[in-house]
Amino acid sequence: MMRRLAHRPILARLGMLMAAIVALAVASMLTSVIIAQTMEGMATAINQAGSLRMQSYRIGVALADDSLPPVDRAARAEALADEFEDRLRSPRLRNAIPDQAGNPLTVAHARVARLWREDMRTPLREHIRLLAEGAQAGVPALPRARYLAAVDEFVGQIDALVRVLEEVAEGRIATLRMIQWIVLALTVFAVVVAMALVIRRVILPLQDLLCCADQARRGDFSGRTRYCGDDELGRLGSALNLMAEGLSKIYGALELRVQEKTRD
């Protein structure tokens with residue numbers, strides 16, 4: 001980068017470095033905004049998925065509550081099951097599930113939905129039907145037992161879904177942190193390069209030019225600046241050297257003429 005910048009004017013070099021710093025800052029802000037947007041619904045999705053565990057146990061408690069009449073138990077269990085399905089299909093959770101078939105989050109959500117549909121909803125529907133028909137308390141015990149026996153494993157699958165959601169959220173935060181560190185390092189590097197350029201190509205050459213100008217002001221035209229190049233200060237240094245050399249020749253010629261006149 002320094003070799004590439006060395007062949008450009010000073011203003012162009014500083015402009016490129018300032019543009020690079022601004023671009024890095026804008027990239028950092030845009031990345032933060034984009035990742036923040038992707039993280040916007042993750043906390044809600046995690047809470048929504050976590051509520052499915054409680055809802056599963058609430059259904060089990062409703063099925064096992066023999067203090068209520070069978071019809072009331074059936075109505076309560078049906079209402080809780082409908083609420084479970086609403087939460088499972090809720091946009092608060094669905095919006096966090098990607099469309100890719102092989103994505104771990106998609107697979108975990110599809111597994112929970114399949115287990116609910118095949119292993120949980122079937123015995124639950126059968127038990128609710130028996131309760132609604134006003135069957136004796138001992139008759140619907142088998143489908144209720146099937147639901148209660150499967151609920152722990154089902155909740156384990158819901159836990160797996162919650163863990164995947166948490167891992168996705170943590171992965172996005174880690175990505176944001178890594179990008180921020182990279183942008184910070186590049187910004188510091190660009191600032192260091194800009195400072196080095198200002199010191200080497202502006203401050204030091206100006207000090208050298210001022211020293212030569214002070215010598216010329218005192219009548220000493222022997223001073224020459226070492227900074228000569230293609231940029232603005234380099235051309236100024238070359239012009240100052242040419243001027244000092246020309247004035248030195250003129251003053252030398254004048255001194256010779258004065259000496260000749262003095263001898264005459």
Side-chain angles (χ1 to χ4, degrees), residues 35 37-175:
I35 295 182
Q37 288 179 347
T38 61
M39 289 288 298
E40 186 175 357
M42 291 303 298
T44 302
I46 292 173
N47 291 333
Q48 187 75 1
S51 68
L52 296 177
R53 296 175 292 195
M54 178 191 66
Q55 195 70 11
S56 302
Y57 285 122
R58 289 180 65 190
I59 295 173
V61 171
L63 294 177
D65 189 5
D66 295 332
S67 62
L68 293 176
V71 177
D72 293 341
R73 269 189 288 162
R76 178 170 175 76
E78 184 66 28
L80 292 174
D82 291 341
E83 184 179 351
F84 182 95
E85 293 179 349
D86 290 340
R87 294 187 180 188
L88 186 61
R89 294 191 299 262
S90 172
R92 301 172 64 186
L93 179 59
R94 292 292 305 173
N95 291 340
I97 307 299
D99 296 330
Q100 293 85 357
N103 189 282
L105 192 54
T106 306
V107 173
H109 182 268
R111 185 184 299 114
V112 171
R114 179 180 56 81
L115 288 176
W116 168 255
R117 184 175 59 254
E118 297 177 358
D119 296 347
M120 310 300 293
R121 195 67 172 99
T122 300
L124 181 61
R125 186 178 292 111
E126 181 180 355
H127 187 78
I128 291 173
R129 180 182 59 82
L130 293 174
L131 287 174
E133 291 175 355
Q136 298 297 325
V139 176
L142 182 59
R144 182 178 66 180
R146 286 171 53 194
Y147 178 90
L148 296 177
V151 68
D152 288 336
E153 181 179 356
F154 180 64
V155 169
Q157 295 301 323
I158 296 176
D159 289 336
L161 174 61
V162 174
R163 283 196 301 271
V164 175
L165 284 169
E166 292 174 347
E167 291 173 358
V168 171
E170 292 173 357
R172 291 175 182 176
I173 294 175
T175 301

- Task: Go through the structure and list residues passing side-chain contact (heavy atoms from CB on, under 4.5 Å) with Ala150, not counting sequence neighbours.
- Result: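 Result, side-chain contact (heavy atoms from CB on, under 4.5 Å) vs Ala150: Met120.
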Taken in chain and number order and not counting sequence neighbours, the residues that satisfy side-chain contact (heavy atoms from CB on, under 4.5 Å) with Leu148 are Arg144
Hey, what do you get for [atom1] ([X]) to [atom2] ([Y]), rounding to the nearest 0.5 Å?
{"X": "Ile97", "Y": "Thr106", "atom1": "CD1", "atom2": "OG1", "result": "6.0 Å"}
{"X": "Thr175", "Y": "Arg172", "atom1": "OG1", "atom2": "CZ", "result": "9.0 Å"}
{"X": "Asn47", "Y": "Leu52", "atom1": "CG", "atom2": "CG", "result": "11.0 Å"}

Side-chain contact, heavy-atom cut-off 4.5 Å: Arg87 with Arg92?
-> no
Atom of [X], atom of [Y] and distance for their closest heavy-atom approach:
{"X": "Asn103", "Y": "Leu105", "value": "OD1-N, 2.9 Å"}
{"X": "Ala49", "Y": "Leu93", "value": "CB-CD1, 4.2 Å"}
{"X": "Ala96", "Y": "Ala45", "value": "CB-CB, 3.5 Å"}
{"X": "Leu124", "Y": "Ala81", "value": "CD2-CB, 3.5 Å"}

Salt bridge (charged side-chain N to carboxylate O under 4.0 Å, His left out) pairs touching residues 95-119, sequence neighbours excluded, are Arg114-Glu118
Name all residues meeting the salt bridge (Lys or Arg N to Asp or Glu O under 4.0 Å) criterion together with Arg121; count only those two or more places apart in sequence or in a different chain, and write none if there are none.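 By the salt bridge (Lys or Arg N to Asp or Glu O under 4.0 Å) rule, Arg121 matches Glu78, Asp82, Glu85.
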Ser56 side chain to Val151 main-chain N or O, any donor-acceptor pair under 3.5 Å? no
Just list the side-chain donor-acceptor pairs under 3.5 Å for residues 152-171, sequence neighbours left out, or say none.
unit_1, atom_1, unit_2, atom_2, d
Asp152, OD1, Tyr57, OH, 3.3
Asp159, OD1, Arg53, NE, 3.4
Asp159, OD1, Arg53, NH1, 2.7

*Enumerate the residue pairs fulfilling ring-ring contact (aromatic ring centres under 6.0 Å, His included) with a member in residues 85-107, sequence neighbours excluded, ordered by first and then second residue.*
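Qualifying pairs, neighbours excluded: none.
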